Amino acid sequence: VQLQASGGGLVQAGGSLRLPCAASGRTLSNYAMGWFRQAPGKEREFVSVINKSGVKRDYADSVKGRFTMSRDNAKSTVYLQMTNLRPEDTALYYCAASIFNRVVSGSHPSLDDFQSWGQGTQFTVSS
């Protein structure tokens, strides 16, 4: 599956932004989907994950209550709705696809759990 994330840019602290990730080449409903981010000089980290049907979600503690992940399998698109943005949310955001529904379980998934990655979209939160 090919993934294309978009929606990046510049936003003020406290603002909101929605990142879409469009999938092509395969049926999106066959994949659990995740968002990861990488800030300059830091490792890529988990942000959120959603299972194939969209019923189960999981979030990193740092974004819980502020970010919401959703999916529209009919449109082959997943979304990351972000509110109350903070400067520390500034990063390159990647969407990723996994054939394993187990990525939405008791523990956060790792990068290795995902087989396909998009190219990333950058946004900056100004203070």
Side-chain angles (χ1 to χ4, degrees):
V1 62
Q2 289 77 48
L3 303 172
Q4 179 76 40
S6 60
L10 179 65
V11 62
Q12 289 189 330
S16 299
L17 192 67
R18 189 178 77 159
L19 301 181
C21 172
S24 62
R26 293 287 189 271
T27 302
L28 184 65
S29 59
N30 290 335
Y31 298 90
M33 298 295 294
W35 284 97
F36 289 77
R37 67 186 182 186
Q38 187 166 17
K42 295 188 176 181
E43 295 184 351
R44 195 173 300 187
E45 64 176 6
F46 166 75
V47 175
S48 66
V49 65
I50 191 168
N51 73 341
K52 296 179 182 181
S53 66
V55 172
K56 290 186 177 181
R57 300 172 180 85
D58 190 24
Y59 300 92
D61 289 343
S62 59
V63 307
K64 197 170 293 184
R66 301 187 298 121
F67 290 14
T68 302
M69 186 173 183
S70 62
R71 66 189 298 157
D72 187 337
N73 287 338
K75 294 183 178 180
S76 295
T77 304
V78 296
Y79 304 95
L80 185 66
Q81 178 68 49
M82 303 175 289
T83 63
N84 192 19
L85 285 164
R86 306 166 180 169
E88 54 264 38
D89 294 319
T90 296
L92 185 62
Y93 281 70
Y94 297 89
C95 59
S98 175
I99 60 175
F100 304 118
N101 237 3
R102 62 174 169 78
V103 294
V104 188
S105 61
S107 59
H108 296 327
S110 68
L111 276 67
D112 292 340
D113 288 321
F114 294 83
Q115 298 79 44
S116 300
W117 292 82
Q119 85 293 351
T121 185
Q122 171 75 41
F123 79 84
T124 300
V125 182
S126 63
S127 57

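Predicted, not measured: the structure shown is a model, and the values here were computed from it.
- Rounding to the nearest 0.5 angstrom, the gap separating the CD atom in Q12 from the OG atom in S127 is 9.5 Å.
- The aromatic rings of F67 and Y93 sit tilted relative to each other, their planes meeting at an angle between 30° and 60°.
- N101 CG to I50 CD1: the interatomic distance, rounded to the nearest 0.5 Å, is 10.5 Å.
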#### Entry: Step-by-step side chain to side chain contact (heavy atoms under 4.5 Å, CB included) determination, V47 to M69
CA-CA 10 Å; V47 175; M69 186 173 183; over 6 Å; no
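- The salt bridge (charged side-chain N to carboxylate O under 4.0 Å, His left out) check on D61 picks up K64, with sequence neighbours excluded.
- Hydrophobic clustering (side-chain heavy atoms under 4.5 Å, transitive across Ile, Leu, Val, Met, Phe, Trp, Tyr) keeps F36 apart from Y79.
- Cation-pi contact between R44 and Y94: present, with separation from the ring centre below 6.0 Å and deviation from the ring axis of at most 45°.
- A donor-acceptor pair under 3.5 Å is absent between the side-chain atoms of N73 and the main chain of T27, judged by distance alone.
- With rounding to the nearest 0.5 Å, the separation of CG in D58 from CG in N51 is 11.0 Å.
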### Message
Apply side chain to side chain contact (heavy atoms under 4.5 Å, CB included) to residues R57 and S48 and explain how you reach the verdict.
### Response
CA-CA 7 Å; R57 300 172 180 85; S48 66; over 6 Å; no
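- Atom OH of Y59 sits about 9.0 Å away from atom CZ of F46, to the nearest 0.5 Å.
- Summarising the geometry, atom OH belonging to Y31 is positioned 8.0 Å from atom CD belonging to Q115; distances are rounded to the nearest 0.5 Å.
- Listed by first and then second residue, the salt bridge (Lys or Arg N to Asp or Glu O under 4.0 Å) pairs involving residues 9-21 amount to none (not counting sequence neighbours).
- Hydrophobic clustering keeps V125 apart from L10 (ILVMFWY residues linked when any side-chain heavy atoms are closer than 4.5 Å, directly or through intermediates).
- For the pairing with R37, the salt bridge (charged side-chain N to carboxylate O under 4.0 Å, His left out) check across E43, E45, E88 returns one residue only, E45.
- For residues 94-127, every residue pair satisfying the disulfide bond (SG atoms under 2.5 Å apart) rule, not counting sequence neighbours, is listed here: C21-C95.
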